[in-house]
Amino acid sequence: QVQLVESGGGLVQAGGSLRLRCAASGRTFSVLHMAWFRQAPGKEREFVVFDRWSGGTHYGDSVEGRFTVSRDNAKNLFYLQMTNLKPEDTAVYHCAADPSLYRPEGESASAQSYAYWGQGTQVTVSS
């Protein structure tokens with residue numbers, strides 16, 4: 001199975017930056033589709049980005065141009081670099097992993113595609 005642990009969240013002023021980290025164990029990153037989702041209090045879970053093992057990457061409209069995903073496959077680490085943070089980015093951020101090698105790319109923005117989830121890390125952006 002896969003275990004995911006997020007870290008790197010915190011309190012930051014608007015316009016600042018944070019880097020979130022997701023540490024994965026139990027399966028190599030090279031064959032997993034990975035994603036970040038976020039959920040603010042009282043709001044539904046929102047897609048942030050996915051990064052497929054073959055290299056396909058797609059960002060949600062609300063973060064395009066501000067967030068960047070990266071991997072360190074040798075260490076099974078998955079990062080989300082967040083810049084120009086806005087109060088609207090305040091949420092609990094979760095990483096997720098999809099073990100299905102043949103998952104169609106069109107499904108990778110859906111939370112239902114991900115079998116494994118981390119516990120989440122809180123990001124709070126003050127105005």
Side-chain angles (χ1 to χ4, degrees):
Q1 62 177 7
V2 175
Q3 296 82 42
L4 305 174
V5 179
E6 304 99 331
S7 61
L11 176 64
V12 64
Q13 291 181 319
S17 300
L18 285 172
R19 187 176 72 162
L20 306 184
R21 186 184 76 168
C22 176
S25 61
R27 189 176 178 89
T28 178
F29 251 76
S30 65
V31 299
L32 294 175
H33 312 303
M34 303 295 298
W36 289 95
F37 291 82
R38 65 187 184 185
Q39 188 165 24
K43 298 182 66 176
E44 61 191 15
R45 184 170 292 173
E46 179 185 15
F47 167 74
V48 176
V49 61
F50 69 69
D51 184 70
R52 293 167 62 87
W53 73 270
S54 57
T57 305
H58 180 73
Y59 295 88
D61 291 343
S62 63
V63 306
E64 180 73 49
R66 299 188 297 120
F67 292 8
T68 303
V69 72
S70 62
R71 294 191 184 199
D72 184 340
N73 288 329
K75 298 180 179 179
N76 291 332
L77 297 175
F78 183 55
Y79 296 97
L80 182 66
Q81 179 67 51
M82 306 184 295
T83 62
N84 192 25
L85 283 161
K86 304 175 180 180
E88 306 92 89
D89 296 318
T90 296
V92 176
Y93 284 70
H94 296 266
C95 68
D98 174 13
S100 180
L101 187 62
Y102 301 104
R103 177 79 63 191
E105 185 167 344
E107 297 179 0
S108 286
S110 172
Q112 287 73 30
S113 294
Y114 296 89
Y116 303 105
W117 293 81
Q119 84 290 343
T121 186
Q122 176 72 49
V123 172
T124 303
V125 184
S126 62
S127 60

Backbone N or O of [Y] within a donor-acceptor pair of the [X] side chain at under 3.5 Å?
X      : Y      : result
Ser110 : Glu107 : no
Thr83  : Arg66  : yes
His33  : Ser100 : yes
Arg52  : Arg103 : yes
Thr90  : Val125 : yes

Where is the tightest heavy-atom contact between [X] and [Y], given as atom of each residue plus distance?
X      : Y      : answer
Leu4   : Tyr116 : CD1-O, 3.4 Å
Glu105 : Gly56  : OE2-CA, 4.5 Å
Glu6   : Gly120 : OE1-N, 2.8 Å

Any pair with a residue in residues 85-105 that passes ring-ring contact (aromatic ring centres under 6.0 Å, His included), sequence neighbours left out, goes on the list, sorted by first then second residue, please.
none
Could you tell me whether Arg21 sits above the aromatic face of Tyr79, with NZ or CZ closer than 6.0 angstrom to the six-membered ring centre and within 45 degrees of the axis?
no
When you compare the side chain of [Y] with that of [X], does any pair of heavy atoms fall below 4.5 Å?
X     : Y      : result
Pro87 : Ser127 : yes
Phe67 : Val49  : no
Cys22 : Val5   : no

Is it possible for you to say whether Val92 and Val63 belong to one hydrophobic cluster, with membership spreading through side-chain heavy-atom contacts below 4.5 Å?
no
Which one of Lys86, Arg38, Glu88 satisfies the side chain to side chain donor-acceptor pair (under 3.5 Å) criterion with Ser62?
Arg38
Other than Phe50, which residues form its hydrophobic cluster under the rule that side-chain heavy atoms must be closer than 4.5 Å?
Phe37, Phe47, Tyr114, Trp117
Does atom CD of Gln119 have more than 12 heavy-atom neighbours from other groups under 6.0 Å away?
yes
Can a side-chain donor-acceptor contact be found between Ser126 and Gln13 if the only test is distance below 3.5 angstrom?
no
How many angstroms lie between [atom1] in [X] and [atom2] in [Y], if you round to the nearest 0.5 Å?
X      : Y      : atom1 : atom2 : value
Leu20  : Gln122 : CG    : CD    : 11.0 Å
Cys95  : Trp36  : SG    : CH2   : 4.5 Å
Met82  : Ser17  : CE    : OG    : 8.5 Å
Leu80  : Asp51  : CG    : CG    : 10.5 Å
Arg19  : Thr68  : CZ    : OG1   : 12.0 Å
Thr124 : Leu85  : OG1   : CG    : 10.5 Å

Candidate pair Trp53 and Leu101, rule side chain to side chain contact (heavy atoms under 4.5 Å, CB included), full reasoning
CA-CA 8 Å; Trp53 73 270; Leu101 187 62; 3.2 Å; yes
What do the steps show when you test Thr121 against Ser7 for side chain to side chain contact (heavy atoms under 4.5 Å, CB included), and what is the final call?
CA-CA 6 Å; Thr121 186; Ser7 61; 5.6 Å; no
